[in-house]
Amino acid sequence: MLWKFLFVVHTVKSISFNMMSTTKNVVGMHWFRKGLRLHDNPALIACLEQEPKKFYPVYVLDGNSYQLLRCTPLRANFLIECLQDLDQNLRNLGSRLYVLNGDPVDVLPKMWKEWDISHLSFEEDESGEPYALQRDETIVQKAQDAMINVTGFCSETMYPLKSYVAGKGKGAGKYPGTMSAFQRVFGNMKPMQRLKSAPEKDHFLDNQDSKEMSELFLPPRKPTDLPWPRGIPKSEIEDVWNAEDCKGLNPIVHGGETLALLLLEKSLSDAKWVANFEKPKTSCTTLTPSTTGLSPYLSWGCLSSRQVWFAVEEALARTSLNCTKPPVSLHGQLLWREYNYLTAFDANNHQPGSWNKIQGNKYCRDIPWDTDQEMLESWKDGMTGYPWIDACMRQLKAEGWIHHLGRHAVACFLTRGDLWQSWEKGASHFESHLLDADYALNGFNWMWLSCSGFFYQYFRCYSPVAFQKKNDPNGNYIRKYVPELKELPKKYIYEPWDAPLDVQRKAGVVMGKSYPLPIVEHKTISKENMSRMADAYAAHKRKESPGYVEGNDIPSVKPKKKQKNTLISQQIGIKRYLK
DNA sequence: GGTCCGTTGGGCGC
DNA sequence: GCGCCCAACGGACC
């Protein structure tokens with residue numbers, strides 16, 4: 001309750017207690033959670049400005065946090081690299097990072113006592129993710145009981161989310177409900193605050209990283225050093241990590257603020273590219289990202305969104321070209337992020353914890369999805385029999401990243417397009433595998449793609465074949481990620497089931513044996529699903545209409561067509577190939 | 001209640 | 001590469 005009250009303050013600095021009557025003998029602790037950076041970190045600076053005689057930068061490995069729950073070795077590795085980089089950068093300033101292990105609610109108070117902490121600072125978690133909210137509420141309460149001065153700052157987003165209230169018009173006093181409304185509100189905001197510089201050596205009065213402490217609480221070296229309460233036996237993780245051919249041994253995307261800042265500079269170095277950037281026109285079949293590739297750094301907070309905003313602004317100032325505009329421009333991408341955080345925050349204010357669920361989510365329509373574990377597993381494993389979909393899903397597994405449009409294709413395929421499985425299942429899989437997994441963005445995009453919220457034109461459906469054929473006719477992307485198909489002629493690379501048996505044999509692959517037959521027939525099932533979607537929308541309309549009584553719903557006006565047997569494998573009498 | 005618009009559809013004809 | 005139709009969504013705005 002206390003926490004909610006604190007959100008009322010409409011400034012960047014949203015929590016500040018002054019329990020201490022004196023600031024003598026200040027001992028500071030900055031608690032890193034997300035926000036794994038030194039630049040643009042106002043909470044860190046605020047704590048250092050108290051001139052602490054000792055200062056403890058701390059990260060807590062918390063297996064129940066959104067970041068570590070269901071975390072794959074690849075994500076775990078990224079986190080470790082972020083922590084090691086943070087530690088190194090702090091050591092360069094005469095300090096270091098202390099990495100604690102356990103539930104912050106227990107571990108932090110213990111260390112406050114041991115280290116005699118008087119001041120605690122942290123970056124606030126703004127999207128209202130329930131675990132983080134509960135954790136922080138408890139920590140603030142405990143700190144208050146221990147007479148510790150607590151400072152929290154909103155630096156996860158460009159402005160504190162509470163400040164995005166429309167000032168005039170129909171939506172006055174409310175949060176904007178569409179992206180265009182959000183853009184209008186954003187356009188009327190006060191100029192964005194300039195960035196806080198990273199701390200310097202002078203900030204650390206006492207280089208208290210004494211020798212006897214230096215070996216304590218070191219950042220972990222490999223994923224198996226992390227807490228692992230994920231229902232997966234630790235031995236399995238070790239097997240994966242130790243396997244010779246595991247991509248996890250050699251991740252292509254590395255973590256850390258230092259690298260993030262370098263990549264930011266590099267990706268924005270071509271002002272012409274920045275000025276012409278249009279997200280929908282970037283390609284999802286290039287073998288290296290056609291976008292900035294900065295999303296993992298933003299989601300872990302190695303980069304601040306304001307840092308990126310100003311860097312884009314500077315890049316644009318270097319050219320006289322006409323530049324693209326939000327929502328498709330690079331600034332537009334940051335606005336999407338901001339808007340997604342705002343809707344997540346609003347949904348959770350309305351019903352705590354509802355954002356990544358269907359139930360109770362004010363932005364989500366309840367569509368009666370099927371539950372078919374076999375279909376879900378085929379999708380997760382990249383074994384649907386649609387090469388383009390499988391290539392995307394396998395890139396996700398191997399690299400923890402897929403281009404935005406690839407994500408659209410696989411999300412549409414899993415939900416309204418083909419398999420009719422709940423977006424919650426897909427979102428959960430993305431959360432554990434994406435290096436840039438982000439509570440707010442993930443929920444928003446899954447609702448969008450499944451036509452459960454924000455986007456409703458369900459008759460616009462991605463084809464798992466046609467969508468990419470025009471961009472990558474030779475199927476190079478498929479050949480890379482679905483190697484069993486790599487020898488197939490161009491003609492059959494998107495639709496290998498059409499290849500005559502002798503062509504298949506010559507390419508060293510046989511459909512139904514070494515590569516699955518299509519799990520569903522897209523042409524038929526996508527049409528059927530559109531009519532199921534129309535039914536679901538009609539039911540939604542009835543529910544929303546005045547006088548609706550729960551459980552008294554009348555059946556659909558349009559009788560649902562009897563579902564045809566659309567499994568090609570069943571039609572032609574061959575058992576579906578799995579694993 | 002009518003009209004326009006919405007970051008990223010597919011398929012066709014030109 | 002563009003414009004048009006396909007069938008036809010909800011939300012904002014007038």
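Lettering follows sequence order; numbering is per chain, from 1.
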**Q** At under 4.0 Å between heavy atoms, what does A/Arg365 touch on the DNA or RNA strands: base, sugar-phosphate, or nothing?
**A** sugar-phosphate
**Q** Output the single nucleotide from B/dG9, C/dA12, B/dT7 whose closest atom is nearest the side chain of A/Pro280.
**A** B/dT7
**Q** Relative to each other, are the rings of A/Tyr175 and A/Phe345 parallel, tilted or perpendicular (30° and 60° limits)?
**A** perpendicular
**Q** Of the nucleotides B/dT8, B/dG10, C/dC9, which has the atom closest to the A/Trp448 side chain?
**A** B/dT8
**Q** For A/Arg184, which contact category applies under a 4.0 Å heavy-atom criterion: base, sugar-phosphate, or nothing?
**A** sugar-phosphate
**Q** Reckon A/Lys325 touches a base, only the sugar-phosphate, or nothing at all at heavy-atom distances under 4.0 Å?
**A** nothing
**Q** Can you say whether the rings of A/Tyr462 and A/Phe467 are parallel (under 30°), tilted (30 to 60°) or perpendicular (over 60°)?
**A** perpendicular
**Q** OP1 or OP2 of C/dA7 less than 4.0 angstrom from a side-chain nitrogen or oxygen of A/Lys527, does that happen here?
**A** no
**Q** Going by ring centres under 5.5 Å and near-parallel planes (under 30°), is A/Trp336 stacked on B/dT7?
**A** yes
**Q** Paired with C/dA7 by Watson-Crick or G-U wobble geometry, both distances under 3.5 Å: which nucleotide is it?
**A** none
**Q** Parallel, tilted or perpendicular for A/Trp448 and A/Phe455, by the 30°/60° rule?
**A** parallel
**Q** Calculate the interatomic distance between A/Met533 atom CE and C/dG10 atom C1'; express it in whole Å.
**A** 14 Å
**Q** Partner lookup for C/dA12, please. Criteria are Watson-Crick or G-U wobble with both distances under 3.5 angstrom; report none if nothing qualifies.
**A** B/dT3
**Q** Any base atoms under 4.0 Å from A/Glu278, or only sugar-phosphate, or nothing? Heavy atoms, all strands.
**A** nothing
**Q** Atom CZ of A/Arg33 and atom CD of A/Glu156: how far apart are they, to the nearest 0.5 Å?
**A** 8.5 Å
**Q** Taking the side chain from A/Trp336 and the backbone from A/Met179, do they hold a donor-acceptor pair closer than 3.5 Å?
**A** no
**Q** With the side chain of A/Tyr458 defined as its heavy atoms from C-beta on, choose the nearest nucleotide among B/dT7, B/dG10, C/dC9.
**A** C/dC9
**Q** Would you tell me if any nitrogen or oxygen in the side chain of A/Lys469 comes within less than 4.0 Å of OP1 or OP2 on B/dG10?
**A** no
**Q** What is the distance, rounded to the nearest whole Å, between atom CZ of A/Phe459 and atom P of C/dA7?
**A** 11 Å
**Q** Using OP1 and OP2 only, check whether a side-chain N or O of A/Arg460 sits under 4.0 Å from B/dT7.
**A** no
**Q** For B/dT8, what is the paired nucleotide under Watson-Crick or G-U wobble rules, both distances under 3.5 Å?
**A** none
